[in-house]
Amino acid sequence: MTTEAVRTTCPYCGVGCGLIATPQPDGRVDIRPDPDHPANLGRICSKGAALEETIGLDGRLLHPMIAGRRVGWDAAIDHVARGFRDTIDRFGPDSVAFYVSGQLLTEDYYVANKLMKGFIGSANIDTNSRLCMSSSVAGHRRAFGTDTVPGNYEDLEEADLLILVGSNAAWCHPVLYQRVMAAREKRRSRLVVIDPRRTVTCDDADLHLAIRPGTDVALWSGLLMHLIEVGAADYAFTGRATAGLDEALAAAALGPVGIDEVARTCDLEPGDVAAFYDWFAHTARTVTLYSQGVNQSSAGTDKVNAIINCHLLTGRIGTPGAGPFSLTGQPNAMGGREVGGLATQLAAHMNLEDSHHRDLVRTFWNALAIADKPGLKAVDLFAAIGRGDVKAVWIMSTNPAVSLPDAGSVAAALAKCDLVVVSDCVERTDTTAFAHVVLPALAWGEKDGTVTNSERRISRQRAFLPPPGEARPDWWIVTEVAKRMGFGSGFDYRTPADIFREHAALSGYGNDGIRDFDISGLADLDDAAFDALAPVQWPVMTDRPEGTARMLGDGRFYHADGRARFVAVSLRSPVHAVNDEFPLILNTGRVRDHWHTMTRTGASPVLSAHIDEPFVAVHPGDAARFGLAEGSLARIASRWGDMVARVRCDDAQAEGSVFAPIHWNGRFASRGLVDAVVNPVVDPISGQPEAKHTPVALSPCAMAWQAVALSRRPLEVGGASYWARARGRGFWRTRIAGDAPPGDWDGWARGLLESGGAAAEWISYSDPASGRYRYARISAGRLHACLFVAAGPVEGTFDWIARLFSADTIEPLERAALLSGRLLAGAADTGPIVCACFSVGRNQIQAAIAQGGLASVQEIGATLGAGTNCGSCKPELRNLLTSAEPLAVSVGE
Ligand code: SF4
C-alpha cells in the first residue's frame, strides 16, 4: 500500500472535512487537515485529529462468520442469499429488510437501495439517518417539492444574523462552528441560539432563547405573524414564487399571537422574543441553521416548515448569506438521501409514489420488480421485526441495538428474528451479538468512494490502508449477494467508479431540469478522473461542470407548478407529557469527543479522556428535589426502561429537564444505554424519533462503595452493580460501584485484576472504618493494575497514576503513593483533559492561569496551545479563567 499522502474525508460529522492521510514506514498514519478542501480550509477538530488512534485492528471483524464460526466468503454469501431468497419466496418481498447507515459511502448505499427497491421489489430499506435528519428531508420536500439544501457554508460566514436552533454546533460541528465564529469577528454578525439547554454554543451568542421544550412552532409561527405586522414580508417574492401563505397565516393565528403570548407559551422573556423578532425582521442576510434539536421531535417536520415559512415570507432563500440550513449529523447522510437510502424515497431524489419516476428508474435499472410504495421507517421496521412480519434483516455499518429508541424492544426483536445479517468492521457490538451471520466490511482508511456533506458537496473518500484479513467493501458484499440471488445482470460492477457513473447517469435520466439532484456532468468520468475528483457541490451538469454553490435563489422550486409551499403548522404538545410518576424531560445528545456508539472514538485514549462515563446533567434545584448529590450515581427511568449515570449538577440545564449523552452502550458501561430509556414516539410525517423529549424519573442509586481501577487489559467486572470503562494510553480506566461490599476485598481485587500468566506481586491497603481499600498488582517490576475503593465517589485525577503504566519499574516511593492515593511530592498531574487536540489538562491550565497571570483564552492558547486548533474547548477555557482551584490530585480520599 502507499506511503504517499492521500486526500480523503473525515468519517465523522456532516461538516465533511477534507483530510490528508500519509501512512508512515513504521505503520503509523499521519493525519492532517486538508488546506485545500473547501469545507474546512485546513481546520480539524479533536475527533478528526485523533483518527490515527482509531484505525488499528484491535477488535476488528476480519472474517465472515455464521453462528459464531468462521467461514469463507463463498459460504457466507451463499447463506445470506439463500436466506433472503427463501424468505421472499415464502412470505413475499416485504418480509425482508435492510437497515443501513450514514457511514456507508454513496456507492455502497446505491447498490443496497437498487437491490431492495429494484430487484427484491420492496422499499424496506431505511437508514440510521432517519434518526438525525429525516424531519428536514420531509420539511424540504413539503416546502420545496424536493430535498434541497439551498445554501452553503460561505452563507454562514456572509450572514449578518445567524440563528442556531437545536444545535450545539460548538461541540457537534466544531470546524464549521469555528470557521463561522472567525468570520463573525470580522463581520460583527449577530448570533442567536434557540435551545432549552445552555450549551457551550450559547457562550458566544448575543441572545440565548432557552425555549420551553417542544414550543418551537409557536415561536416561529409568532415570527411569521410579526413579519407581516412590521412590513417585513417580501410580497413580490411570495406572489411570484410561493403558494399557501394565507393558509399558513390562518394556522399561525390559531396559536399564540403577539410577543407577550408567544413569550408566555415558550417560557421566554418578552424582551428577548422582541429582540429576536426585530433582528430577524430587519436583517436581510439571515441564516437559520438547525439540527437534531429541531429534527428529533414528534413535531420535527412542522418545526422545519415553521422555520422555512419565515424564510419564504422574507424571500431569504438561496441568496448569499441567507436561507434555512439543515446541518446533517453523519458524514454521508446526504449521500444516502441522494441514492434513496430512506424507505420513503426512490433513487436520485425521485419519489416512490410517482409512477413516472418509478417508470424512469425501472427502465434505467432494467429492474425486475420496482417497489411501488414506501417501506418501513426505522422504528416501524424494528417493530415489524418484533411482530415477526419482517423475518430477515441485513444491518450494514450501524448499531441499532444501541441507537434506536426503546432499545430493549429492538434487542428483543433481533433476538427472535429468523435471520439477522450484520456487515460491520467491528467484531463485537451490541448488535452483532444478535447476528446469525457477520460479514467483515472495510473501515475508514480502507474504503474508496464518495460522500456528500451538509452543503451538497461531494468529496472523495480514498483508501490509504490495505484491506485487513478478509474484509471487503460494502458495495462488493451487496453485489455478490445480489448476484447469488439471481440478479447478476444488474450488479456487474468492477469498481466504485462504475457505480458512481451509473448513479450520476441516473440522476440526469429523464431530468431536463425538473429534478434538483442532477450530477449527470460526472457520468462520463473515467477511472482516473473519478480518482482525482475534486470536491464539488451538486447539481453538476455538462454545462455546469464546476457545480452549483446555491440553489432556489432564482425562485424556481420543484413542485409541479414551480412554486414553493408555505405549510400550515400548529403547535402540538409532545405525545408523552411529564406527570407525577415521570416528572422530568430527558433530552439526549452528543458530547464533544465521542461519536455515536463509540465503536471508533472509544478506541481513542485522547477522545476518551474528556468524559469517561455516562452522565446525566441535572439542574441543582432538581438535584436537590430528587436527593441527588453531585458525582453520585442516579437511576433514570421511563416507561420504556432505565439506565444508571453519574450526576452532574449543572445550572445550564433548565429546571424540569435533564440531559444524557447517546454514546454509552454495553461495550463501555453496564447500564449506560440511554436509548433503553428513550420513548419510541416518532414524527407522523418523517418517522423521526422524539429523542429530545422522554418523561423520566430520577432517583439516587445508593451504592455502598465505589472504585476506580486502572489496568492493562479491559476488565470483566463481576460482583458489582455498575461499571463504566474508558481507554487510556496503555491502560483501561474502569469505574465500578456496588451496593454491598465484597466480604474479602483482597480476594475480590485479585479475582478482578489478576489474569494469570507471569508471577506477580500485589500490595494492598485497607481501612474498613473509612471504607477505603487500595490495591496494586506489580509484575516484573511494572505496574499491571491498581484499584482505589472508597465509600463514595472516587474523586481525584489519574494522570500521575497513568504515567506509571509506561514506566519500566515502579519505585518504592511510587508503591507508597499507590497505596496512599497521593501524588508524589514534586510530581505533576495534568488533570482531566480539556483540550483534546493538544492533550492539555485542567490542572495545567489552572496552574498557567495562576502562575502566568493569564487573563484570556488567547493567552492560554499562546502559552499552552489549548484552544488553538479546533477551538471546541474554548468555552471550557473561558470557564477556567473564572473558576477556582486545581483539582485535588489524591485519589479516593
Ligand atoms: Fe471530522 Fe471534526 Fe470535521 Fe466533523 S468537524 S468532519 S468530526 S474533523
Side-chain angles (χ1 to χ4, degrees), residues 6-21 29-55 102-103 105 129 132-133 152-153 156-157 164 167-183 200-201 289 291-292 325-335 443-445 447 450-462 535 589-604 606-608 610 661-663 835-838 867-874:
V6 174
R7 288 196 139 86
T8 187
T9 45
C10 176
Y12 291 122
C13 82
V15 177
C17 296
L19 305 176
I20 298 176
V29 179
D30 180 65
I31 294 170
R32 293 172 193 271
D34 183 348
D36 299 324
H37 195 288
N40 55 319
L41 302 167
R43 295 175 176 86
I44 193 169
C45 81
S46 54
K47 288 191 284 288
L51 270 165
E52 196 210 339
E53 292 187 333
T54 71
I55 55 180
Q103 298 285 313
L105 303 185
S129 300
C132 71
M133 52 76 221
N152 60 33
Y153 294 164
L156 311 185
E157 296 173 315
L164 286 176
S167 165
N168 183 10
W171 274 17
C172 301
H173 297 91
V175 162
L176 180 60
Y177 183 76
Q178 290 303 329
R179 181 178 156 177
V180 172
M181 286 305 107
V200 290
T201 303
L289 195 80
S291 189
Q292 271 77 331
F325 198 108
S326 150
L327 258 182
T328 50
Q330 295 195 78
N332 200 28
M334 289 283 274
W444 181 76
K447 291 159 74 131
T450 58
V451 291
T452 308
N453 73 358
S454 295
E455 56 166 357
R456 289 178 282 105
R457 192 178 297 281
I458 298 169
S459 295
R460 289 277 283 112
Q461 205 173 89
R462 298 181 177 89
R590 294 180 178 161
V591 299
R592 191 188 77 187
D593 288 348
H594 276 306
W595 173 256
H596 283 195
T597 64
M598 292 169 67
T599 45
R600 191 161 30 216
T601 53
S604 162
V606 165
L607 298 179
S608 300
H610 183 231
I662 59 172
H663 310 289
C835 170
C837 296
F838 296 112
T868 57
N869 184 37
C870 76
S872 54
C873 64
K874 282 181 178 174

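Remember, it's 1-based here, ligands and their atoms both numbered in the order they're listed.
Side-chain atoms of Asp34 never come within 3.5 Å of backbone atoms of Ile20 as a donor-acceptor pair (strictly under, hydrogens ignored). Distance alone, capped at 3.5 Å, places no donor-acceptor pair between the His663 side chain and the Thr597 backbone.
Cys10 lies close to atom 1 (Fe) of ligand 1, since one of its N, O or S atoms is found at a distance under 2.8 Å. Look at Cys17 and atom 3 (Fe) of ligand 1: an N/O/S atom of the residue is under 2.8 Å from the metal.
With no hydrogens or angles considered, a side-chain donor-acceptor pair links Ser459 and His37 at under 3.5 Å.
Using a 4.0 Å cut-off to heavy atoms of Gly16, the atoms of ligand 1 that qualify are 6 (S). Close contacts of ligand 1 with Val175, meaning ligand atoms under 4.0 Å from a residue heavy atom, involve 3 (Fe), 5 (S). For ligand 1, the atoms sitting less than 4.0 Å from at least one non-hydrogen atom of Tyr12 are 7 (S), numbered in the order shown with element in parentheses.
Ring-plane geometry between Phe325 and Tyr153 is classed as tilted, the angle between the planes lying from 30 to 60 degrees on a 0 to 90 degree scale.
Closest protein heavy atom to atom 4 (Fe) of ligand 1: Cys13 SG, 2.3 Å. Scanning the protein for heavy atoms near atom 2 (Fe) of ligand 1, the closest one is Cys45 SG, 2.3 Å.
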Practice item. Check the pair Ser604 / Thr54 against side chain to side chain donor-acceptor pair (under 3.5 Å), numbers first and verdict last. Key: CA-CA 6 Å; Ser604 162; Thr54 71; over 6 Å; no
Point to revise | Working for side-chain contact (heavy atoms from CB on, under 4.5 Å), residues Lys47 and Leu607 | key: CA-CA 7 Å; Lys47 288 191 284 288; Leu607 298 179; 4.2 Å; yes
